[in-house]
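Below: one structure, written as structure tokens.
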Amino acid sequence: MAGFSVVTLVVVASLWLYALRRRPGEVSDEQAQRIQNRWVIGGGLILPIVSITALLAFGIPIGHRMLPLPLVEEEPLRIDVTARQWWWDVSYPASGIRLRDELHIPAGMPVDLHLTSEDVIHSFWVPRLGGKLDMLPGRTNVLRLEADEPGLYYGQCAEYCGTGHAHMKFTVRAHAPGEFDAWLEGATVDE
Amino acid sequence: MSEQQKHSAQLHEQFDRVWGNLPGFGQLAAVNHTSVGLRFVVTGLFFFLVGGVLAMLMRTQLALPEQEIIGPELYSQLFTMHGTLMMFLFAIPILEGVAMYLIPKMVGARDLAFPRLGAMGYYCYLFGGLIILSSLALSIAPDSGWFMYTPLSSSTFSPGPGSDFWLLGITFVEISSMTGAIELVISILRTRSNGMSLRRMPIFCWYILAMALMIVFGFPPLILGSILLELERAAGLVFFEVAGGGDPLLWQHLFWLFGHPEVYIIFLPAAGIVSTLIPVFARRPIVGYRWIVLAVIVMGFISFGLWVHHMFTVGIPQLAQAFFSMASMLVAIPTAIQVFAWLATLWTGRVVWNLPMLWILGFLIIFVAGGLTGVMLALVPFNWQVHDTHFVVAHMHYVLVGGMLFPLIAGLYYWLPHVSGRMPSDMLGRWAFWLVFIGFNMTFLLMHLTGLLGMPRRVYTYEAGLGWDWLNLLSSIGGFVMAIGIAMFLLDIFLHFRFGRRAPRNPWGADSLEWAVAMPVTTYNFISLPDIRSRHPLWHNPQLPFEIEEGKHAMAVIRHGRRETWGSDAVTGRVREVVHLPSHSWIPLQAGVVLAIVCLSLLLKTYWLALGATLVAAFIMLRWSWVNGAHPDMAPVRDDDPSDPPLHSRTHDGPGRWGMLVTLMANGSFYASLLFGWFYLWTASPQWQAPEQGPLALMPLLASGVLLSLAVVVYQWLTQRLRRGVTRHLQGGLWISAGIGLIHVAVLVWLMLAAELTPTQSAHDSVLAVMLGYLLFHGALSAVATAMQAVRVRFGYVSAQLPYEPLVLQPFWSYTLGVFWLSFAAFILLPMAW
Amino acid sequence: MTFPPWHPIHLITGLTVWAIWFVVLYGGLSVACEVVPPDPTRGPLNWLNALLWLSTLVVVGVLGWAAWHCARGTPENTQPNRRFVARTSAGLYFLSAFATLVVAVPVWFLPPCI
């Protein structure tokens, strides 16, 4: 996508530069009409339509995969995340675990995050795991995340939420599937 | 001196006496579009500088990681004010100012259609801007971002006065955008010189027409949103707070319903400048004029279908998002049509290379790059990733700086000789260009990468070692390079007034009428108004400027010391009437000052003062409309009144009526936003509660509606007879219509008080209260204005020969009636039927 | 249609129709999802998407017809003002029809309410 954009930019800019330097000689009205049609229809209609089609062919399948459709297999793990100025209240309804500013998820399987806010609008974002989703007071949005690899991921608030915004961060620890159950048990015991 | 020159000089003196401003402090009473337009431009540049300084402060803070030069409190004020200043106090006013300066000259008129309105708009802009700026000096500036998302901007989370400054100040400033837009629309449609049909309008006029109409429809949602949010903050009504049945997303909808068209409102006039300059320097007519007109119209509409693309991450169903995503991509088509029409023009022309063209080239490269990242952002999954990161900051600056600032500077250089009669320096201008161009790309090209690496927007600092350090440092350096370039540009402009070499008439060899005005610019534009037979009048007839100056065309006389220009048919451009315009007046300044007092007293929460000042403002406005038409200060009936074409105040359908219709379009957009809010909260708000029984008593409401209908029927009957020249019972009839209207208002007031609404507890009652207030305002205004017409009949300002004013008021009555019954259906009947 | 093809109202009608259709599409979808959401597992094949698609076809048909009407009624070169308005209007109707079609494309792919 970026490559295509750069090419378009370079081509358009060079055409302009060439057009600026060109000495066309006498151009009759008919010729001008022809040139007009060539450029305006070619560049003004066909080029954007082709680009948009290409972009969609590429974008729609990606978007489709991100839909929180009901899964054929088991229900994904549910985690509730409530944002406050300026921290993240994380709870696991199935096991009653509550955490602050950190999430633990199993790697390699989807989890559904139920996002909401207690005060102002925040936005949940882990850049390496996927898109962001706003957390609004009075509403709950569901974000489906999946970490392919175990590891530590950093997340932060992506919607300006007041003076503490820059420091409103959290971590996501993705465990290998077996380890996650162990963590879950250990954490439940701690409670 | 030849006989001819003597004659020209004489004419100039006569015209200048009538059209010139008062000396000294009298300048403040100026209504002339040249003065007002230039004031807009200069004030806009001032706010641009302030906004630029704020940006430099932010770049200083972000230059290195973990700096503590500027704390989070100040930083949030800085970015909020930077966005606010640049959008509301720089971009729109300066472009409107340029348009106000140019449009009458381009269409061959001597002034805008409503000069006093423009002057008042300027004072609203100036005072509103200063009020907003003062908050920064007191370090209580708004700090919730330029889009003021609630609940962050609500009284709970922003208890200080910052948000109030924004909401009240911006609404005040927007009065000026609206007045400017309305008078631009009417001036373009109704005051063109004889024979300038739509097809022969300079392309710039199409762009400005589209921009102005977009303002007319696009600003009301934000004005409504600001009023609602201020009511919530100050009076405790509920619109956006979840607890009482409101929804913060309503604010986002209202804001972006304005906010996205706003981007195109800024882009269109700038693109208009590009479309004006390119053919001049390519020495040939623009290629694909009709294609461009088509693209401009398409852009004007489609840009209203994009607003949700600022809200892709709030959790709207994907299919709904996809509609907006597709519409966002569609905008690429009209943009590309324009870019390639410009290309084809350059391709077939012999390009003269000079300073304005350099800035145009910079525009092209930066804007196309910004447009391409825009298409990427329209793709929902990609948007989810980079939304609210520095990638978006970079994209937005590419589009706005590339799409607005570069063409604007090109345009300022191009029209500079028109104002000063001197040429800018080529040398300084080139230096300024390269510094700005390089500095800009250094700052913002790198910022794409910063954003892709995950740096969010609006953070006042960041940790070291995330890979953002060197990018931010280079961005900051680039920012300062750009600032030096801007300073050099301003220095160039400043110096050229003193040292620039004298410009010859029409120095760039342009085709459009504004270059037929003498240089430096005169107050009256044209001594005589030419017939237009071509889209390029000055290429068609290079002698035209001299013929105009020698008074060889129409209306080369001053009648009774009046300011006059043509009024013409909107489509064919054939002359229909002589529009007589007001001379200098203190009323705009008075109105501006009193409105500023209203704004300040609301800020200080001294509501009695606000009420008093509002009443004074209403009185001033009535006085304003009193000095009109056949009033002795305007155009009293005389035996030698022109009859073919007649004075506009003697016709049935002058510019005032058109102005009323366009104002009602804006009003309708405001009302539609209110309806949208009602239905939105009703269907989508998480905790919406509606009482079992509607709180308003049905029968009295119906009765008040019947009264209103009766008042309108009487008014219609009177105006129908007036059109036929029958004035028997006119005065009495107007009194009756006004009286019934007032009873309608009284019933509404009683109803409102009897209903025991609890607007501080429920969004349902809050919206209902606003709706009732809206109906009350319209009913009262119709009645008062009608009563004034009755008095004017008595004074002889309205009669069979002077049927104009009641006909101007007529659409307002019809609108009031329509809105009443629509509200009745939407707010009363529909919930009952549900 | 009572307006001749060169009436300037055609310069705005096409896109106004598009805009109204767009609002109805978005508003109708939102309200329908609020009141009677179709089963998400059925993907894009459900009554709601069918209805949206039907509305699209109707609007495209009307706009296409209007484009043809303006193009056919374009006067000859002797009346350049009228010719200008009629031809521009024809183009605008055509683009409105195209815009309608494009905006509705996702209805093929996506389930309505999630």
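Order of the sequence lines sets the chain letters (A, B, ...), proteins ahead of strands, with each chain counted from 1.
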Who among [options] has the most heavy-atom pairs with chain B under 4.5 Å?
options: A/P48, A/A13, A/S51; value: A/P48
options: A/S123, A/P137, A/G43, A/G164; value: A/G43
options: A/I35, A/L17, A/V10; value: A/I35
options: A/R128, A/Q33, A/Q85; value: A/Q85

Residue part contacting chain A, namely of [X], when any heavy atom lies under 4.5 Å:
X: B/M326; value: side chain
X: B/W347; value: both
X: B/I278; value: side chain
X: B/V351; value: both
X: B/F157; value: side chain
X: B/R284; value: side chain
X: B/S76; value: both
X: B/E73; value: both
X: B/L364; value: side chain
X: B/L453; value: neither
X: B/D143; value: backbone
X: B/F147; value: side chain
X: B/Q77; value: neither
X: B/Y75; value: neither

Taking C-beta and beyond as the side chain, do [X] and [Y] meet within less than 4.5 Å on heavy atoms?
X: B/Q252; Y: A/I121; value: yes
X: A/W39; Y: B/T348; value: no
X: A/W16; Y: B/V368; value: no
X: B/V459; Y: A/H167; value: no

Between the main-chain N or O of B/G454 and the side-chain N or O of A/Q156, is there a donor-acceptor pair closer than 3.5 Å?
yes
Between the side chain of A/K132 and the main-chain N/O of B/T313, is any donor-acceptor distance below 3.5 Å?
no
Separation between [atom1] of [X] and [atom2] of [Y], rounded to the nearest 0.5 Å:
X: B/D247; Y: A/L136; atom1: CG; atom2: CG; answer: 8.0 Å
X: A/Y18; Y: B/L346; atom1: OH; atom2: CG; answer: 13.0 Å
X: B/L372; Y: A/L9; atom1: CG; atom2: CG; answer: 6.5 Å
X: A/T53; Y: B/M329; atom1: OG1; atom2: CE; answer: 10.0 Å
X: A/D119; Y: B/L152; atom1: CG; atom2: CG; answer: 9.0 Å
X: B/F340; Y: A/I46; atom1: CZ; atom2: CD1; answer: 11.0 Å

Between B/E463 and A/K169, does any side-chain N to carboxylate O distance fall below 4.0 Å?
yes
Hey, which of [options] has the most heavy atom pairs under 4.5 Å with chain A?
options: B/T389, B/V314, B/V287; result: B/V314
options: B/P151, B/P72, B/A344; result: B/P151
options: B/L249, B/I365, B/L361; result: B/L249
options: B/W353, B/F281, B/F79, B/W291; result: B/W291
options: B/F312, B/Y462, B/W342; result: B/W342
options: B/V242, B/L343, B/T335; result: B/L343

Under 4.5 Å to a heavy atom of chain B? For A/D134 that would be both
Portion of A/L15 that has a non-hydrogen atom of chain B nearer than 4.5 angstrom:
both
With side-chain contact (heavy atoms from CB on, under 4.5 Å) as the criterion, how do B/Y460 and A/T163 come out once you've worked through the C-alpha distance, each side chain's angles and the decisive distance to 0.1 Å?
CA-CA 9 Å; B/Y460 78 101; A/T163 46; over 6 Å; no
Run the ring-ring contact (aromatic ring centres under 6.0 Å, His included) check on B/Y149 and A/Y160 step by step: do they pass?
CA-CA 9 Å; B/Y149 274 7; A/Y160 182 69; over 10 Å; no
Whether over 12 other heavy atoms sit under 6.0 Å from B/E66 CD:
yes
Got more than 12 heavy atoms from elsewhere within 6.0 Å of OH, A/Y92?
yes
Applying salt bridge (charged side-chain N to carboxylate O under 4.0 Å, His left out), which residue pairs with at least one partner in residues 329-350 of chain B are found, sequence neighbours left out?
A/E26-B/R350
Check [X] against [Y] and note the closest heavy-atom contact, atom names and distance.
X: A/H165; Y: B/R457; result: NE2-O, 3.4 Å
X: A/R139; Y: B/A684; result: NH2-O, 3.1 Å
X: A/V12; Y: B/V339; result: CG1-CG1, 4.1 Å

